[in-house]
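Everything on this sheet refers to the single structure shown next.
Sequence lines set the chain letters: A, B, ... in the order given, protein chains first and strands last, and positions in each chain run from 1.
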Amino acid sequence: MGPARPGRAATVRWRAVLRFEHRLVDALCTAPEPERRAGVERFVTGTLADMPEHLRLGVGALSLVLGLWDRARPGRTGSELVAAMEHSPLGPVRQHVRLFRSLVLFAEEELAGAGAPAGATPASP
Amino acid sequence: MTRVGTDVLVIGSGAGGATTAALLAEAGRTVTVVEEGPWIDPGAFEPFSLEEMARTYRHHGSSAALGVPPVAYAEGRCVGGSTEVNSGLWHRLPAELVEAWRRDYDIDEFTPDSLDRHAEALEAALSVRRLPGDLPPSSAVLARGAAALGWRSVEFARVFRYGPDGRAEKQTMARTMIPRAVAAGATILPGCRIDRLVTRPDGPGSRRVVAARGRRRHDDGSVGDLVIEADHVVVCCGAVQTPALLQRSGIRRGIGRGLKLHPTVKIAARFPDVLDHDDVPPYRVTEFSPAVAIGGSASRRGHVALALADSGVPFAGALADWERVFVYYAAIRSDAGGRVQALPGLRSPLVTYRLTDSDMSRLARGLVHLGELLLAAGATELYPSVTGGPVVRRVDDLGAWWDALTPARANLMTVHLTSTVRLGQDRTRTGADSFGSVWGHTNLRVNDASLVPDAPGVNPQAGVMTIAARNAEHFLATT
């Protein structure tokens with residue numbers, strides 16, 4: 001049991017990170033079409049997964065903390081979450097939402113421009 | 001496990017590696033090229049598109065040199081390296097910089113004339129030429145603004161071949177030097193990452209590479225160990241990955257320090273008329289060169305959106321009108337330096353870069369000059385890549401950007417990284433000798449952007465290939 005605990009704890013933490021990041025991407029994405037939204041999510045997920053490890057670790061750690069902060073405020077909508085992060089007095093929080101907004105915006109506009117189906121964007125290289 | 005034996009192992013297939021492989025193979029050497037990324041058919045993706053970023057850029061293009069401010073950068077990771085994803089602009093190294101580097105780093109046989117001989121041969125091979133016909137609208141903006149202000153400007157040549165129908169085809173390494181290398185008998189192994197070089201003592205104070213160890217991804221998706229034994233090893237993985245590989249192999253002296261890049265600020269400029277968005281303008285304003293270079297960036301719909309968002313002000317109206325918006329840049333030669341440091345247990349190195357106060361001042365000057373130029377060319381709105389930087393519509397308002405561009409608010413990027421294994425005979429400031437032989441090693445060379453002694457102030461592909469051809473010639477004459 002002992003050796004398994006750290007792995008399970010890490011998995012739980014990582015799921016919390018991914019859950020918060022999924023919520024953030026969903027809140028930032030303005031495309032109405034489900035296909036384009038799925039394509040955006042695939043691109044953002046693929047980009048985050050492909051980041052240099054030390055950068056991904058920093059992003060993941062902040063997502064974990066922000067996820068806990070978000071869960072302490074039940075009922076808050078996605079747009080309220082984004083607004084709170086954008087107006088945070090803490091620079092790293094503002095940079096965090098800016099990173100996600102950039103990824104979402106780029107993918108959203110490119111997919112709109114291409115008129116591409118979601119499947120046109122690979123999950124990872 | 002895959003075991004390979006070869007005369008020359010070239011690690012990396014970009015501008016430096018492909019040039020090295022082609023010239024050595026054509027001279028009769030047995031050459032094996034390993035490339036971490038996949039083989040992608042040239043032209044498989046639209047240039048600068050989402051799919052191209054996902055498939056051919058390292059980290060989907062999401063790398064950054066950490067510092068205040070951080071500098072985002074992108075590298076190619078496929079056969080052909082960054083030549084597959086760049087704009088293909090061709091600038092010979094400025095003669096005054098070549099002379100200065102020769103003096104400062106004590107580089108043997110490094111003169112404008114000696115380099116020009118190699119540059120001419122490469123230009124013929126790569127079909128370097130100017131765009132046929134009239135300047136596209138995005139380039140005409142730069143020409144018009146420069147003419148209005150009395151500033152020097154010039155159209156640059158590119159590595160493009162144009163068909164009878166006017167269709168342009170970028171002459172990347174996968175279309176030029178790699179096929180030449182293969183035709184001469186070289187073997188190209190995509191999907192191979194070299195983790196470290198194994199060295200053994202080889203005389204007093206000297207070591208020799210006896211093997212390169214890594215992993216190979218096979219066509220069926222399986223991954224296995226890879227060991228390559230070679231008489232000579234040439235590392236050509238670019239200014240970030242080359243020092244990282246050497247450090248992982250225990251080779252650290254003069255390696256990874258002194259990283260140089262061109263910090264770049266951008267403006268999303270809105271015009272009354274629709275502009276072309278399929279290509280990067282082959283046109284530069286050279287009035288302030290080499291300290292500050294002004295030109296145009298990739299401006300697909302996604303890039304326009306990103307550039308508008310960098311301003312941190314509402315931009316929905318401009319984004320809805322994106323076909324009339326184009327992204328232009330000011331890039332500086334910076335006083336600062338950076339560092340590449342391999343981290344134990346991690347695949348990616350830590351890259352840091354510390355801008356100086358004078359760099360920030362130069363960036364602000366470049367931003368204001370770029371704003372002047374774009375307004376003179378007829379732009380109606382300018383969105384700077386400065387968070388909270390005010391949108392400018394009149395020249396009188398540009399002064400606000402001087403104070404707005406602070407380390408905390410600047411959004412910077414670059415695509416030109418150099419100088420992490422400088423060449424020259426001054427052992428205190430270089431990682432390799434005048435022809436790229438790594439100090440203290442008898443059969444290990446570097447032949448890529450890492451060798452360029454300082455940021456050249458222009459796109460480095462021509463300089464990298466020219467130096468690589470020069471060093472390949474020296475290799476053939478001495479081994």
Who among B:G302, B:G312, B:A305 has the most heavy-atom pairs with chain A under 4.5 Å?
B:G302

Is the ring pair B:H303/B:F48 parallel, tilted or perpendicular, if the boundaries are 30 and 60 degrees?
perpendicular

Just by distance, with hydrogens left out, do A:S63 and A:H96 show a side-chain donor and acceptor under 3.5 Å apart?
yes

Please flag which part of A:R98 lies under 4.5 Å from any non-hydrogen atom of chain B: side chain, backbone, both or neither.
side chain

Does A:R73 come within less than 4.0 Å of A:E80, counting only side-chain N to carboxylate O?
no

Closer than 3.5 angstrom, by distance alone: can the side chain of B:T242 be matched with the main-chain N or O of B:C237 as a donor-acceptor pair?
yes

For chain B, find which of A:M51, A:E86, A:Q95 contributes the most heavy-atom pairs closer than 4.5 angstrom.
A:M51

Per-residue contact mode, B:P349 against chain A (heavy atom under 4.5 angstrom)
backbone

Among A:R56, A:H54, A:R94, the residue with the most heavy-atom pairs under 4.5 Å to chain B is A:H54

Tell me, do B:T420 and B:V240 make a side-chain contact under 4.5 Å, heavy atoms counted?
no

Between B:L66, B:D310, B:L306, B:L350, which has the largest tally of heavy atom pairs under 4.5 Å with chain A?
B:L306

